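Working notes, beginning with the structure itself.
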There are 2 protein chains.
Amino acid sequence: MEGFLMDEIDLKIVSTLQKDARISLKKLADICFISAPAVSTRLTHLEERGIIKNYQTSIDYKILGYPIKAYVSLRLSPKDKDDFYPYIKSVGNVISCDCVTGSYSQIITCYFKSTRALDNFINDIQRFGETKTQIVFSTSVIQRPLELNPGEVYF
Amino acid sequence: MEGFLMDEIDLKIVSTLQKDARISLKKLADICFISAPAVSTRLTHLEERGIIKNYQTSIDYKILGYPIKAYVSLRLSPKDKDDFYPYIKSVGNVISCDCVTGSYSQIITCYFKSTRALDNFINDIQRFGETKTQIVFSTSVIQRPLELNPGEVYF
DNA sequence: GTTGAAACGACACACCG
DNA sequence: CGGTGTGTCGTTTCAAC
């Protein structure tokens, strides 16, 4: 990461795109009070520097037949790490996996078509260590962007 | 939820958009082997029916000055629910909050500029109940779309 | 970063299977 | 009814400043 600083306009671009990735360059330009080509070059830079990682569409997995969301915690034996990482990447049901502090060292977020499918998955990963599963009942804060122009945030 | 079925083309549209939300209708049309207007009407339907929820840009929060990611579990007293939900929605650091099975009934995913900021947050929410915090060290599966045209998935 | 022109893509309509 | 094809309009891109 080079010694570089985002200005107000970059921040406006990024936070606007977070909320609507399909907005046109022209509209972005109007919002930022600069020209469309200027937005375009800034976008390219933001992408090249890895600040913008990708553009995703969020889907209602429930409607699409994946009603089961779960957090699976896994106490991963250090010796199994090299086997575990490629494996967990290969499972299409898994949308994120983080190594965390605490006795359960991996937190896996995943979606399934049924509790039976979830159960199969859990049985499978138990070869890597002890697991704890928490199935999601309801979601009060749906996956959303981090607030970059902070109103109500902690410092 | 009407008695409606996604066909192969809808699935192709959705899974393509998941990976690149800024793709043009024309490219989508080429990929799906149909015309651009046809893609356009399908997109509108998918949005109207809530299968496509929104288009987000994923950002490297680390580079932007939020290096701390954490999962905070909260044992929420039922009587505090009505206070908790509006509050947790208002915190810009929180990107998701799920009600789950198990003794810690809420799982909060959040980002912070520092461990001190995280600490302030935790101290604050402890008025709602006991908490357990797991800070993310490293991420082996970065937030990614669910695999809809499944290769390696559990049934 | 801005402007303007040219290339490109998106949208609305009438037409065809 | 849903897909295709044309025309118009808006958007992106490139060159010159």
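These numbers were taken from a predicted model, which means no experiment stands behind them. Every chain is numbered from 1, with letters handed out A, B, ... down the list of sequences.
For D:dG2, neither phosphate oxygen OP1 nor OP2 lies less than 4.0 angstrom from any side-chain nitrogen or oxygen of B:Arg42.
For the residue pair B:Gln18/A:Tyr55, the side-chain donor-acceptor check at 3.5 Å is not satisfied.
A:Lys113 forms no cation-pi arrangement with B:Phe155, by the criterion of a distance under 6.0 Å to the ring centre and an angle within 45° of the ring axis.
Look at CG on A:Leu25: it is 10 Å from P on D:dT11, rounded to the nearest Å. In this structure, A:Leu28 atom CG and D:dG10 atom P are separated by 19 Å, rounded to whole Å. The CD1 atom of B:Ile34 sits 12 Å away from the P atom of D:dG2 (whole-angstrom rounding). As rounded to whole Å, 18 Å separates atom C1' of C:dG1 from atom CD of A:Glu8. A:Leu43 places its CG atom 12 Å from the P atom of C:dG1, with the value rounded to the nearest Å. In this entry the distance linking NE2 of B:His45 with P of D:dG2 reads 7 Å, nearest Å. Separating the CD atom of B:Glu47 from the P atom of C:dA10 is a distance of 14 Å, rounded to the nearest angstrom.
Panel note: side chain A:Arg42, backbone A:Ile9; no donor-acceptor pair is recorded below 3.5 Å. Side chain of B:Ser105 to backbone of B:Thr101: no donor-acceptor contact under 3.5 angstrom is found.
Evaluated for a side-chain contact (heavy atoms from CB on, under 4.5 Å) with B:Leu46, the options B:Ile52, B:Thr41, B:Leu17 yield exactly one hit, B:Ile52.
Taking every side-chain heavy atom of B:Ser24 into account, C:dA10 is the closest of C:dA10, D:dT4, D:dT12. Picking from C:dC11, C:dT2, D:dG3 the nucleotide with the shortest atom distance to the side chain of B:Ser35 gives D:dG3. In the set C:dG4, D:dT12, C:dG9, C:dG4 carries the atom at the smallest distance from any side-chain atom of A:Pro37. Comparing C:dG9, D:dT11, D:dT13 by their closest approach to the side chain of A:Lys26 singles out D:dT11.
Place A:Ser40 and B:Ile9 on DNA chain D by their nearest nucleotides, and B:Ile9 ends up nearer the 5' end. For the pair A:Arg22 and A:Phe33, both in contact range of DNA chain C, the more 5′-proximal nearest nucleotide belongs to A:Phe33.
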